[in-house]
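Every chain is numbered from 1, with letters handed out A, B, ... down the list of sequences.
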4 protein chains.
Amino acid sequence: MEQQRRKTRQELRSEETKSSIRDAAGRLFTARGYDAVTMREIAKEAGCSHTTIYLYFKDKEALLEQLALPPLMVLEETMQAVMNRPELSSTEALKEVSRQFLRFCLSHKSMVTIILNVKSVRVDEANPDADINRRRNRIFGCFTQILNRVIRPASDEEKINYTRIYYYMLHGMVTTYTENEEPLEQLLARILPLLDQAIDILLLGMQAKLEQRG
Amino acid sequence: MEQQRRKTRQELRSEETKSSIRDAAGRLFTARGYDAVTMREIAKEAGCSHTTIYLYFKDKEALLEQLALPPLMVLEETMQAVMNRPELSSTEALKEVSRQFLRFCLSHKSMVTIILNVKSVRVDEANPDADINRRRNRIFGCFTQILNRVIRPASDEEKINYTRIYYYMLHGMVTTYTENEEPLEQLLARILPLLDQAIDILLLGMQAKLEQRG
Amino acid sequence: MEQQRRKTRQELRSEETKSSIRDAAGRLFTARGYDAVTMREIAKEAGCSHTTIYLYFKDKEALLEQLALPPLMVLEETMQAVMNRPELSSTEALKEVSRQFLRFCLSHKSMVTIILNVKSVRVDEANPDADINRRRNRIFGCFTQILNRVIRPASDEEKINYTRIYYYMLHGMVTTYTENEEPLEQLLARILPLLDQAIDILLLGMQAKLEQRG
Amino acid sequence: MEQQRRKTRQELRSEETKSSIRDAAGRLFTARGYDAVTMREIAKEAGCSHTTIYLYFKDKEALLEQLALPPLMVLEETMQAVMNRPELSSTEALKEVSRQFLRFCLSHKSMVTIILNVKSVRVDEANPDADINRRRNRIFGCFTQILNRVIRPASDEEKINYTRIYYYMLHGMVTTYTENEEPLEQLLARILPLLDQAIDILLLGMQAKLEQRG
DNA sequence: TATGAATGAGCATTCATTCAT
DNA sequence: AATGAATGAATGCTCATTCAT
């Protein structure tokens with residue numbers, strides 16, 4: 001509380017600037033992709049000089065990372081929360097978690113690259129990405145976990161393959177609609193049912209396949 | 001007829017140059033991606049001056065488009081040929097066609113953007129894309145056709161949805177492995193079986209779902 | 001008198017800040033050279049904001065100038081002290097003074113420019129340089145004086161020329177080793193004997209030349 | 001002959017541009033030093049776009065190197081020629097060679113850095129500097145050779161030290177007058193006699209010292 | 001007195017493209 | 001038909017300095 005009150009006007013202004021940069025970068029990256037956006041464009045959109053950006057972010061890459069982290073944390077928490085709801089069947093949990101994921105990806109389009117890319121930005125340099133990578137892994141871990149629950153009778157190899165196939169479909173939906181410019185809610189209203197259907201099909205198919213083989 | 005016969009030596013040389021540029025650009029785009037390749041590199045690889053490229057192609061983008069067309073035509077023909085093989089069951093045909101498609105996408109990485117993008121490059125300028133778009137639609141039409149054969153009892157809406165879901169998975173596989181730098185054949189050896197499994201699962205799942213509902 | 005006593009706490013603090021900036025800049029300039037050091041680095045090292053520096057110093061160049069003065073004063077005093085030691089022969093005095101000079105230059109590398117440059121920084125603006133220039137002249141005056149003692153029989157023109165030649169050699173040693181990154185004492189242990197030899201040779205040579213001519 | 005005639009107008013223009021860049025860079029580097037000069041300034045002075053420079057020179061450093069090499073070759077040849085004139089005494093040869101060197105340094109001021117710097121630009125990267133370094137070493141080798149002839153009775157260690165002392169003096173003269181803006185010939189008329197005197201003094205001094213010791 | 005925020009000018013370099021031949 | 005010469009626009013980034021508080 002006290003902490004909140006103690007913010008000077010300068011600090012407020014600073015935070016404002018920083019978040020206006022963040023917002024601008026978010027909008028621009030989302031709309032046109034990381035590479036296609038220049039620091040000067042971000043600055044213009046944010047209403048400041050391009051040098052000001054470097055006051056708050058080490059470089060362009062750091063900007064992307066700082067942009068990705070907080071929403072990623074929210075997503076992770078949301079997904080964990082879903083998994084801890086005991087009243088949900090495995091199938092329902094998988095559906096809900098997938099819906100969260102799809103919603104997230106489509107509302108943070110520029111971050112999709114970061115989240116879905118197998119080899120993330122700067123994997124070699126340890127520090128800042130470590131966090132991003134860890135979180136991404138945990139997010140994908142959610143899917144794996146629930147999916148394993150649903151297809152328990154499968155062998156380890158089958159589990160790995162089926163999980164991959166599940167990812168393909170999800171990944172495919174995300175990238176298909178990443179470029180789409182329809183208003184988010186409208187788009188989701190249209191494709192969330194499709195996602196549910198797809199999951200039904202995949203789970204049914206996996207079970208059928210396991211029975212066939214057994 | 002006459003036109004064909006009357007090709008002067010100059011015309012032949014010209015065509016040669018043009019196709020050497022096309023080849024060079026193809027190799028380079030495929031290997032390193034559209035953005036990362038410069039006009040000068042293409043020219044060097046093609047054994048001509050970079051200014052010569054502008055004699056045959058309006059700009060870099062036009063080069064990409066003209067480049068995409070022939071392989072797309074080959075792909076289309078290959079896929080049609082598979083569909084016309086009467087000895088193949090619908091399922092087998094779908095698998096084979098999907099394999100062809102995946103192989104094509106992974107061996108023409110730079111063209112994936114063009115093929116998969118819902119809104120292709122420069123939709124606004126009518127002419128040159130029209131052809132590309134037509135072909136892309138025909139390619140996707142193949143999938144739709146075969147898939148419809150397999151899930152004949154479904155309603156029209158179900159057919160549309162199921163086809164979409166099928167695309168998601170395929171699309172997801174392609175984009176997942178587009179960035180992969182493994183040698184092509186080795187990669188395909190690894191993921192083609194996965195594709196077969198995925199198709200099995202999807203088809204089984206779709207059938208199960210249709211029965212459930214019926 | 002009164003002025004000295006009346007220093008308020010504020011004034012003291014202010015002087016402290018100023019000298020911490022001076023010290024920091026001195027350390028940094030010495031270690032890495034004027035150009036390679038940024039105002040922000042100086043501020044960090046001094047434990048203040050970079051804007052504070054501008055409170056005490058007009059700009060980066062003024063900082064360098066003010067920085068040069070005190071060590072220059074120390075050097076001057078040291079050299080004068082040597083000259084007033086009656087037990088030293090002229091030759092010994094010249095050697096000792098030259099050693100002091102060389103040691104000083106190599107331990108204040110960034111100031112060498114200021115000291116050795118014929119046309120000092122910003123000759124046009126009269127005031128602040130006047131002092132620096134005066135001191136530099138006095139320092140060089142030392143050499144001239146002692147040298148004149150040693151080569152008393154020479155004509156005025158010869159004296160001027162010989163002094164110049166002496167400077168060339170000294171100047172040459174300084175600039176040769178200014179870029180050297182060897183630890184100071186180690187470097188000096190290596191080159192101080194060389195300096196002595198050089199002085200011996202020059203003095204012997206000057207005397208021989210004078211005799212030749214006479 | 002034929003080769004000369006075959007130069008097209010384009011080639012001529014190209015060579016003109018290249019040498020106008022070279023000239024401009026030479027003037028500017030000479031006047032204000034390598035670091036202080038920007039590519040855009042060079043371009044402006046050369047009457048072309050700054051991008052044109054990159055057509056002829058890989059980067060700024062390459063420009064400096066290409067600039068330094070030809071004059072360095074001329075200097076080397078001139079110095080070798082002097083050494084091969086049998087009618088000259090060692091002393092005379094040393095004087096003449098030193099005059100050539102001083103004249104060269106003062107008429108190619110920007111290259112002094114390259115020539116005198118113990119650790120040249122980019123010592124680490126082998127290729128292009130190798131040549132420059134080799135030449136510089138050969139040039140300094142000249143001095144060493146002649147000097148050794150003059151002070152033949154000295155021990156090896158003495159030879160090394162005396163050579164160093166000789167360099168200091170020469171180096172000192174060069175750097176002293178590098179910043180000088182007097183017209184070259186006028187300046188040389190003034191300091192060449194000084195150089196002769198300095199050499200006389202050094203040689204006499206060295207001989208006296210050797211006798212003293214012996 | 002002191003500072004954080006902000007900026008314009010500048011840097012070397014790259015690229016797709018056009019011009020003149 | 002083909003090309004070398006040339007260029008403007010951009011890019012990410014840094015720095016000394018000024019502004020507002």
Checking only heavy atoms, does the side chain of [X] share a donor-acceptor pair with the base of [N] at less than 3.5 Å?
{"X": "A:Arg13", "N": "E:dG4", "value": "no"}
{"X": "C:His50", "N": "F:dT17", "value": "yes"}
{"X": "A:Thr38", "N": "F:dG12", "value": "no"}

Q) Quick one: is E:dA6 close enough that its OP1 or OP2 comes under 4.0 Å of any side-chain N or O from A:Ser49? A)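 Answer is no, no contact under 4.0 Å.
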Q. Distance check: side-chain N/O of C:Thr52 vs OP1/OP2 of E:dT3, anything under 4.0 Å?
A.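 Indeed, a polar side-chain atom of C:Thr52 lies that close.
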Q.
Within a 6.0 Å radius of atom CZ on A:Arg32, are there more than 12 heavy atoms belonging to other residues, nucleotides or ligands?
A.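 Yes - once you tally the heavy atoms of other residues, nucleotides and ligands closer than 6.0 Å, there are more than 12.
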The side chain of [X] is closest to which nucleotide in this list: [options]?
{"X": "C:Leu55", "options": "F:dA2, E:dT7, E:dA2", "answer": "E:dA2"}
{"X": "B:Tyr54", "options": "E:dT18, F:dT3, F:dT7", "answer": "E:dT18"}
{"X": "A:Met39", "options": "F:dG8, F:dG12, E:dG4", "answer": "F:dG12"}
{"X": "C:Thr51", "options": "F:dG12, F:dT3, E:dG4", "answer": "E:dG4"}

Q. Do the non-hydrogen side-chain atoms of D:Lys44 and D:His50 ever get within less than 4.5 Å of each other?
A.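 When only atoms from C-beta onward are counted, D:His50 and D:Lys44 do not touch, as no gap falls below 4.5 Å.
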Q. Under the criterion side-chain contact (heavy atoms from CB on, under 4.5 Å), which of A:Leu28, A:Leu64, A:Leu63 is the partner of A:Val37?
A.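 Going through the options one by one, the only one that passes is A:Leu28.
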Q: Tell which nucleotide pairs with E:dA9, taking only Watson-Crick or G-U wobble pairs whose two distances are both under 3.5 angstrom.
A: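 F:dT14 - that is the nucleotide pairing with E:dA9, both distances being under 3.5 Å.
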**Q.** E:dT18 pairs with, by Watson-Crick or G-U criteria that keep both distances under 3.5 Å
**A.**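 Across all strands, the one nucleotide that pairs with E:dT18 is F:dA5.
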(Q) Please find the pair of heavy atoms, one from D:Phe57 and one from D:Ala62, that lie closest to each other, and give the distance. (A)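 For D:Phe57 versus D:Ala62, the nearest heavy atoms are CD2-O, 4.5 Å.
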